[in-house]
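Below you'll find the structure, written out as structure tokens, and then a few comments.
Quick note on labels: first sequence line is chain A, next is B, and so on, each numbered from 1.
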Amino acid sequence: GAVVSQHPSRVICKSGTSVKIECRSLDFQATTMFWYRQFPKQSLMLMATSNEGSKATYEQGVEKDKFLINHASLTLSTLTVTSAHPEDSSFYICSARDPTGGRNEQYFGPGTRLTVT
Amino acid sequence: AQKITQTQPGMFVQEKEAVTLDCTYDTSDPSYGLFWYKQPSSGEMIFLIYQGSYDQQNATEGRYSLNFQKARKSANLVISASQLGDSAMYFCAMREPNTGNQFYFGTGTSLTVIP
């Protein structure tokens, strides 16, 4: 099946710094990528929808100035957590939609565990 | 209203037995897709099975089958012959084309297989 990678898989940063997470679709072109956040023992919460070449669409309650999303190419979307705080510590998962697939399935990356100290 | 409801926060099953994980959904869109994902402790989301709203037959993928009851808006996952490696979180999800194909996830069910 299709593969989506995320980098880094784990990151620890100090409060006040910024962290960039990359999401790549390795064998298909993803016009749409999604970013999710997951707290321990909870479900995935959609943060934003990232469309190649246009601005991301953020879900209600998600600060667009804090969570910067860039979808510069058909295979890469990045999420930058700016001025990170301990409450931003979470598991961040991206997914990419393969528009050629009959089910419009989303393929998930392996996730990035962010810890802000 | 919740789009996807999973009412079982935790389930236990004996190894080699079958288990059913419940999922109900809410949509007014006639076209939608239903998915089940497994999330082990490593965090990756593993696709298990898909059911389209127009599919006439219940989906099956190996030991996984989906009990699709359209009138009741339920899409329960049945795992047959449970294995220890099946212990994980299981999420039911729905995709609606009218909302940009975003996924709506349920709160998940934690399955523990007992040896």
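Follow the hydrophobic side-chain contacts under 4.5 Å out from A:Met47 and you reach A:Val19 in the same cluster. The hydrophobic cluster containing A:Leu114 does not contain A:Met33, counting ILVMFWY residues as joined when their side-chain heavy atoms lie under 4.5 angstrom apart, directly or transitively. In this structure, B:Leu77 is a member of the same hydrophobic cluster as B:Val13, with clusters built from ILVMFWY side-chain heavy atoms closer than 4.5 Å. Under the 4.5 Å side-chain heavy-atom criterion for Ile, Leu, Val, Met, Phe, Trp and Tyr, A:Val4 and A:Tyr92 are members of distinct hydrophobic clusters. The cluster map of Ile, Leu, Val, Met, Phe, Trp and Tyr, joined by side-chain heavy atoms under 4.5 Å apart, puts B:Tyr64 and B:Tyr25 in the same cluster.
Judged by distance alone, the side chain of B:Thr107 and the main-chain N or O of A:Ser43 form no donor-acceptor pair under 3.5 Å.
Interface residue B:Phe91: only side-chain heavy atoms are found under 4.5 Å from chain A. At a 4.5 Å heavy-atom cutoff, the contact between B:Ser42 and chain A is made by backbone atoms alone. No part of A:Gln6 comes within reach of chain B, as not one of its non-hydrogen atoms sits under 4.5 angstrom from that chain. Neither the backbone nor the side chain of B:Met89 comes within less than 4.5 Å of any heavy atom in chain A.
Note that the OH atom of B:Tyr37 and the CG atom of A:Leu44 stand 10.0 Å from one another [nearest 0.5 Å]. Interatomic distance, A:Gln106 CD to B:Phe35 CZ, rounded to the nearest 0.5 Å: 7.5 Å.
The residue among A:Phe34, A:Phe108, A:Tyr36 with the most heavy atom pairs within less than 4.5 Å of chain B is A:Phe108. Of the listed residues (A:Gln42, A:Lys41, A:Gln38, A:Met45), the greatest number of heavy-atom pairs within a distance under 4.5 Å of chain B belongs to A:Gln38.
Contact annotation: the side chain of B:Glu44 never approaches that of A:Ile93 to less than 4.5 Å [non-hydrogen atoms, C-beta and beyond]. Residues A:Tyr107 and B:Phe47 are not in side-chain contact: their nearest non-hydrogen atoms beyond the backbone lie 4.5 Å or more apart.
Other residues, nucleotides and ligands contribute over 12 non-hydrogen atoms within 6.0 Å of the NZ atom of B:Lys70. Counting non-hydrogen atoms of other residues, nucleotides and ligands closer than 6.0 Å to NZ of B:Lys16 gives a total of 12 or fewer. More than 12 heavy atoms of other residues, nucleotides or ligands shown are found within 6.0 angstrom of CG on A:Leu26.
Nearest heavy atom pair, residue B:Gln39 against residue A:Phe91, reads NE2-CE2, 4.0 Å.
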